[in-house]
Amino acid sequence: MSQQSLVEQITNIVVPILESMSMELVDLEYKHEGRDWFLRIFIDKEGGVNLDDCAEASREIGAVLEVEDIVRTAYRLEVSSPGIDRPLKKVQDFERFAGSLVKVKTYESLDPDQRGHARKTFVGTLLGIEGGLVRIEQTDKKGGVVELPLEGIAKANLEYEF
């Protein structure tokens, strides 16, 4: 079984468990680091998650994964919050966090505001998503709104505002 297929199977198991706990799956990683394998599950809920939420989700997920026995190697299960720089991956994330400061990196260099220099990183206030385009009000000196195609986004995160 490929690693991608395994991650999809784990995701299909984890999502209903978290939904029953009024939580959402933000991200899931299955990685080999050093001599160990790690299954990292990042969760969130309205108002944020705390240590007790993570511990409860870990117990529930761990028990079901043990019964399903789809992960054939020994691994360490880690369940945590996505942190203050929460990744934005789904359309719903770009809708939910409209008004928040974000940092978006694209796969290819773009010049969506016709400034004459293409770049891959855009920082600003997330205005939302419409028609597959993520809209950002830039916070640099020149400002302006850029529209970036969702499928062209390599990585998007909330930026912590001090």
Side-chain angles (χ1 to χ4, degrees), residues 1-110 118-126 129 132 134 136 139 146 148-162:
M1 174 183 331
S2 74
Q3 188 168 337
Q4 179 66 28
S5 175
L6 179 60
V7 167
E8 288 172 11
Q9 284 187 325
I10 294 169
T11 299
N12 291 337
I13 290 170
V14 168
V15 167
I17 295 169
L18 293 175
E19 286 176 350
S20 74
M21 302 169 76
S22 300
M23 296 184 205
E24 69 170 308
L25 176 64
V26 174
D27 203 2
L28 187 146
E29 298 176 343
Y30 182 61
K31 289 186 171 184
H32 190 243
E33 295 178 4
R35 294 188 311 216
D36 297 321
W37 281 91
F38 290 86
L39 175 57
R40 293 189 178 104
I41 299 173
F42 300 93
I43 62 174
D44 204 1
K45 70 176 183 181
E46 196 66 40
V49 293
N50 59 35
L51 186 59
D52 291 337
D53 294 325
C54 293
E56 181 182 3
S58 179
R59 281 191 298 275
E60 295 292 324
I61 292 167
V64 173
L65 288 176
E66 189 70 28
V67 169
E68 294 292 327
D69 196 29
I70 60 169
V71 183
R72 301 288 184 209
T73 59
Y75 64 93
R76 295 175 189 227
L77 175 62
E78 296 177 356
V79 178
S80 66
S81 78
I84 59 174
D85 60 344
R86 182 194 203 280
L88 306 176
K89 295 187 171 245
K90 302 173 279 202
V91 170
Q92 297 89 336
D93 295 337
F94 290 97
E95 292 168 345
R96 175 179 170 192
F97 291 101
S100 299
L101 186 62
V102 295
K103 182 176 190 177
V104 176
K105 293 186 179 186
T106 57
Y107 290 110
E108 296 181 20
S109 295
L110 303 173
R119 60 199 186 281
K120 291 184 175 184
T121 303
F122 301 85
V123 177
T125 302
L126 177 63
I129 184 169
V134 175
I136 299 171
T139 55
V146 292
L148 307 170
L150 181 60
E151 67 273 2
I153 293 176
K155 186 177 182 180
N157 294 80
L158 292 178
E159 283 285 286
Y160 186 72
E161 298 180 64
F162 292 97

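Values in this document were obtained by computation on a predicted structure and should not be read as measured data.
Sorted pairs that involve residues 57-78 and meet ring-ring contact (aromatic ring centres under 6.0 Å, His included), not counting sequence neighbours, are lacking altogether. Pairs engaging residues 3-38 under the ring-ring contact (aromatic ring centres under 6.0 Å, His included) rule: Y30-W37, H32-W37 [sequence neighbours left out]. Counting only residues at least two apart or on different chains, the side chain to side chain donor-acceptor pair (under 3.5 Å) pairs with a member in residues 10-26 are E24-R86, E24-K90, E24-R96. A salt bridge (Lys or Arg N to Asp or Glu O under 4.0 Å) check over residues 74-84, counting only residues at least two apart or in different chains, returns the pairs D36-R76, R40-E78.
Pairing each heavy atom of L28 with each of I10, the nearest pair is CD1-CG2, 3.6 Å. Among all heavy-atom pairs drawn from N50 and D52, the shortest one is OD1-N, 3.0 Å.
Scored by the side chain to side chain contact (heavy atoms under 4.5 Å, CB included) test, P87 finds V26, P82, K89, N157 as partners (sequence neighbours excluded). For F42, there are no ring-ring contact (aromatic ring centres under 6.0 Å, His included) partners two or more places apart in sequence or in a different chain. Among residues two or more places apart in sequence or in another chain, the salt bridge (charged side-chain N to carboxylate O under 4.0 Å, His left out) test is passed with K45 by D53.
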Counting only pairs under 3.5 Å, give me each side-chain donor-acceptor contact of residues 54-70, with atom names and distances, residues two or more places apart or in other chains.
from, atom 1, to, atom 2, distance (Å)
D69, OD2, R72, NH1, 3.1

Donor-acceptor pairs under 3.5 Å, side chain of residues 100-110 to any protein atom, not counting sequence neighbours: which ones?
from, atom 1, to, atom 2, distance (Å)
S100, OG, F97, O, 3.1
T106, OG1, E108, O, 2.7
T106, OG1, K120, O, 3.4

Original post:
What's the verdict on side-chain contact (heavy atoms from CB on, under 4.5 Å) for I136 and V123, showing C-alpha distance, side-chain angles and the deciding distance?
Top reply: CA-CA 8 Å; I136 299 171; V123 177; over 6 Å; no
